[in-house]
Amino acid sequence: MKINHLGVAVKNLEETLKFYHETLGLPLKGIEEVADQKVRVAMLPTGESKIELLEPTDPESPIAKFMEKRGPGIHHIAVTVDDVEAEFARLKEAGVRFIGDKPTVGAGGSKVIFIHPKSTNGVLLELCEKHD
Ligand code: ZN
């Protein structure tokens, strides 16, 4: 199971890209809006993985609520799975707690679902279906 990406909550995508893209020099794969999560997303490939910058587009966005409590910073870790529906069913059976009751479509069109931090020792963990 590989790390697909690290999700980072940011207040302003363009301001944050000045560091990650322009200063640090990571390539920028693109910016898109994920309406489901009420965020704008920038993906920056780092070898086999990526850094995902997440800017809320609405005060009700889960990312906005996260930053109200904890401020900007690492929000989640995403791992790649072959079949998100199958992993969801398997882990649910094992007693793992999820956020939401079915996978949704995340950035880049991947099927995703989040595991609740109560089941992972405090880390919001995203299962992200392999997709190219
Ligand atoms: Zn993510």
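Each ligand, and each atom within it, is numbered from 1 in the order the structure gives.
Glu55 has a carboxylate O that lies under 4.0 Å from a charged side-chain N of Arg40, or vice versa, which qualifies the two as a salt bridge. The pair Glu15-Lys18 meets the salt-bridge criterion, with a side-chain N (NZ, NE, NH1 or NH2) lying under 4.0 Å from an Asp/Glu carboxylate O.
Metal site remark for the Zn ion (ligand 1): His75 contributes no N, O or S atom at a distance under 2.8 Å. With 2.8 Å as the limit, His76 counts as an N, O or S neighbour of the Zn ion (ligand 1).
When the N, O or S atoms of Glu126 are ranked by distance to the Zn ion (ligand 1), OE1 comes first. As for Glu52, its N/O/S atom nearest the Zn ion (ligand 1) is the one called OE1.
Residues Val123 and Phe98 share a hydrophobic cluster, clusters being chains of Ile/Leu/Val/Met/Phe/Trp/Tyr side chains in contact below 4.5 Å.
Heavy atoms of other residues, nucleotides or ligands lying less than 6.0 angstrom from CG of Leu28 number more than 12.
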